[in-house]
Student: 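Quick one: structure below, then a few questions.
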Amino acid sequence: MSFGFSVGDFFAAIELANKIRREFIDAPSQFKAISDDVRSLSIVLQDADIALSKRELNNDQKRDLEDIDKELSSESGSVGKRIKRVWKRFKWEPGKIDQLRSCINTNIGLLNAFNGLLTRYNVVKLVQHQEDQGRQTILDWITPIDYAHQLNDFIARRQAGTGQWLLDSIEYQTWVETNKQTLFCPGIPGAGKTILTLIVVEDLTTRFQHNKHIGIVYLYCNFRRQHEQKVEDLLASLLKQLTQGQSSLPDTIRSLYNSHQDKRTRLSFDEISRALQSVITIYSRVFIVIDTLDECQVSYNCRERFLSELFSLQTKYGATLFATSRFIPEITEKFRGSISLEIQASEHDVRRYIDGYISNLPSFIRRSPEFQEEVKTEIVKAVDGMFLLAQLHLDSLVGKRSPKAVRAALNKLPSGSNAYDHAYKDAMI
């Protein structure tokens, strides 16, 4: 048996019954009844084996099956001997026959009940699977875009321990603890805005992981994907994420889906806006995290309309907003009066970043802690708050074949406004 319980003796009993049946054609009716009972027991055992081979048992089901096993084990070890004894004595002790049949039928009843529970459980799982599929169909109808893979990609690039300065800052602590608040974090290109945004999402998720009444949604604006980041797409992504956070689909969403299903149409801007306002009220608090807002397209007034919707959600429903951007006057003006904190690569973060890439450097650097410290010091001095520049400086050292060559490269590390272009060329050589 695939579930590993002590039922092998029952198959031995079946074989014994078949052998006796062949040898004693004129056996009394009592033995025929026992034979039929054992055959019935074998059938329910096989049913259980088939059901169990297709799925894992939960703890409650394992305990139920163990209880049946104890009942079976208490009798199965001597079934064969008892059948032989009954065969010899059944004419004189019919009570023994009744006792054995009662035992077998009790176990048949227990196993039938257990198989019934398994069947009902499988039906429930099938219904749940169908509901999950239907739910996913509706979510993908809202928008097929999913930012989870973006988050996973950024997680893989993050060095543990970086970004703590942001989480510890007074600005961040004030923002996270205050409803209806905005934290705007501008930064120069390559400062690490996206990684720090990821750190914010991770922190919020950890803080509120046990509170289902708090919603956390994330958007990553990317100029390379502007074809799928019109204002309707961005708002639909927020709507999808807030809807996913609910154990069951809100009636508003089901109703919208049903109204569009026959026509195979999609949500309009106004419908998305109203649905967002409806779904957001389900939560006691919602955090909306927007990364690289400067890459949100400006054509068709997209960025302007998107920000207008965000600020409306904040004003009417108390949404808590976090946004990063380059220093773009039109954007920074929108966040005038909000809490603001400039993002730049801290010395601690750059050092942790370099630690994560030491294994890529020449072996004579890896073997020398002093040389590693020299590399860190010079790169930190040159990057001036740009993570991306630190990466390029590290790449420029990878092919160096001697300490002298590395030190020469460190002495010439470019810095200042044109540092990125110079570092990129050096890394590509």
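Being a predicted model, the structure only gives us computed values, none of them experimental.
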Student: Would you name the heavy atoms of Asp294 and Arg303 that are closest together and state the gap between them?
Tutor: O-NH1, 3.4 Å
Student: Has the side chain of Ser284 got a donor or acceptor atom that lies under 3.5 Å from a matching backbone atom of His213?
Tutor: yes
Student: At their closest point, which heavy atom of Tyr357 faces which heavy atom of Leu394, and how far apart are they?
Tutor: CB-CD1, 3.9 Å
Student: Taking 4.0 angstrom as the limit, do Lys230 and Asp233 come out as a salt bridge?
Tutor: yes
Student: Is it true that Arg326 and Glu295 have a side-chain N and a carboxylate O under 4.0 angstrom from each other?
Tutor: no
Student: Would the distance check show the side chain of Tyr283 and the main-chain N or O of Leu242 forming a donor-acceptor pair, the cut-off being under 3.5 Å?
Tutor: yes
Student: Do the rings of Tyr218 and Tyr220 sit parallel, tilted or perpendicular, given the 30° and 60° boundaries?
Tutor: parallel
Student: Looking only at non-hydrogen atoms, find the nearest pair between Ile343 and Ala191 and report the distance.
Tutor: O-CB, 3.5 Å
Student: With rounding to the nearest 0.5 angstrom, report the CG to CD1 distance, Leu313 to Ile280.
Tutor: 4.5 Å
Student: Check whether any side-chain N or O of Gln173 sits under 3.5 Å from a backbone N or O of Leu167 as a donor-acceptor pair, and report yes or no.
Tutor: yes
Student: Check Ile216, Asp146, Ile142, Leu219 against Gln241 for a side-chain contact (heavy atoms from CB on, under 4.5 Å) and give me the one that passes.
Tutor: Leu219
Student: Which heavy atom of Thr292 sits nearest to which heavy atom of Thr324, and what is that distance?
Tutor: N-OG1, 2.8 Å
Student: Please identify which of these residues, Arg285, Lys180, Gln277, meets the side-chain hydrogen bond (donor to acceptor under 3.5 Å, both in side chains) condition with Tyr317.
Tutor: Gln277
Student: Kindly say whether Leu321 contributes a backbone atom to a donor-acceptor pair with the side chain of Gln181 at under 3.5 angstrom?
Tutor: no
Student: Does the pair Leu239 and Val217 meet the rule for a side-chain contact (heavy atoms from CB on, under 4.5 Å), with working shown?
Tutor: CA-CA 9 Å; Leu239 178 61; Val217 295; over 6 Å; no
Student: When rounded to the nearest 0.5 angstrom, what is the spacing between CG in Leu256 and CG in Asp251?
Tutor: 11.0 Å
Student: Would Asp168 and Gln164 count as having a side-chain donor-acceptor pair, cut-off 3.5 Å?
Tutor: yes
Student: Roughly how far apart are Gln229 CD and Glu232 CD, rounded to 0.5 Å?
Tutor: 13.0 Å
Student: Please enumerate all residues that pass salt bridge (Lys or Arg N to Asp or Glu O under 4.0 Å) together with Lys193, with sequence neighbours excluded.
Tutor: none
Student: So, does Thr143 use its side chain to make a donor-acceptor pair with the main chain of Ile145 at under 3.5 Å?
Tutor: yes
Student: For Gly318, does its backbone N or O pair with a side-chain atom of Asn179 as donor and acceptor, under 3.5 Å?
Tutor: no
Student: Is it true that a side-chain atom of Ser368 and a backbone atom of Phe364 form a donor plus acceptor pair closer than 3.5 Å?
Tutor: no
Student: Hey, does the side chain of Lys263 reach the backbone of Ser259 with a donor-acceptor pair shorter than 3.5 angstrom?
Tutor: no
Student: Please tell me if the side chains of Thr320 and Leu183 come closer than 4.5 Å, counting only heavy atoms from C-beta onward.
Tutor: no
Student: In chain order, what residues pass the salt bridge (Lys or Arg N to Asp or Glu O under 4.0 Å) check against Glu378, with sequence neighbours excluded?
Tutor: Lys381
Student: Have Tyr172 and Asp203 got a donor and an acceptor in their side chains that come within less than 3.5 Å?
Tutor: yes
Student: May I ask you to decide if the ring planes of Phe184 and Phe335 are parallel, tilted or perpendicular, using 30° and 60° as cut-offs?
Tutor: parallel
Student: Identify whether the distance between the nearest side-chain nitrogen and carboxylate oxygen of Lys240 and Asp140 falls below 4.0 Å.
Tutor: yes
Student: Looking at side-chain heavy atoms only, is the closest gap between Phe322 and Leu204 below 4.5 Å?
Tutor: no
Student: How far apart are the C-alpha atoms of Tyr353 and Phe387, what are their side-chain angles, what is the distance that settles it, and do they pass the ring pair (Phe, Tyr, Trp, His ring centres under 6.0 Å) test?
Tutor: CA-CA 8 Å; Tyr353 181 82; Phe387 258 122; 5.5 Å; yes
Student: Using side-chain contact (heavy atoms from CB on, under 4.5 Å), reason through Ser278 and Arg274 one step at a time and then give a plain yes or no.
Tutor: CA-CA 6 Å; Ser278 174; Arg274 289 194 298 269; over 6 Å; no
Student: For the backbone of Ser402 and the side chain of Arg407, can you confirm whether one donor and one acceptor N or O come within less than 3.5 Å of each other?
Tutor: no
Student: Walk me through whether Cys221 and Asp291 qualify under side-chain contact (heavy atoms from CB on, under 4.5 Å).
Tutor: CA-CA 6 Å; Cys221 298; Asp291 185 32; over 6 Å; no
Student: Spell out, as yes or no, whether a donor-acceptor pair under 3.5 Å connects the side chain of Ser273 to the backbone of Asp270.
Tutor: no
Student: Can His260 and Glu271 be counted as having a side-chain donor-acceptor contact under 3.5 angstrom?
Tutor: yes
Student: Hey, could you give me each pair passing side chain to side chain donor-acceptor pair (under 3.5 Å) that has a residue in residues 329-343? Not counting sequence neighbours.
Tutor: Glu304-Lys334, Glu333-Arg336
Student: Once you round to the nearest 0.5 Å, how far does CD of Gln372 lie from CD1 of Ile365?
Tutor: 8.0 Å
Student: When rounded to the nearest 0.5 angstrom, what distance separates CD in Gln391 from CD1 in Ile354?
Tutor: 11.5 Å
Student: Take atom CG of Asn411 as the centre, draw a 6.0 Å sphere, and report whether it contains more than 12 heavy atoms from other residues, nucleotides or ligands.
Tutor: yes
Student: Go through the steps to decide whether Ile379 and Leu413 satisfy the test side-chain contact (heavy atoms from CB on, under 4.5 Å), and finish with yes or no.
Tutor: CA-CA 8 Å; Ile379 291 181; Leu413 288 179; 4.0 Å; yes
Student: Mind checking the CD-CZ spacing from Gln297 to Phe306? Nearest 0.5 Å is all I need.
Tutor: 11.5 Å
Student: Glu347 and Arg351: salt bridge (Lys or Arg N to Asp or Glu O under 4.0 Å), yes or no, with the steps?
Tutor: CA-CA 6 Å; Glu347 178 177 338; Arg351 286 178 170 272; 3.3 Å; yes
Student: State, to 0.1 Å, how close Trp165 and Leu196 come at their nearest heavy-atom pair, and which atoms those are.
Tutor: CZ2-CD1, 3.7 Å
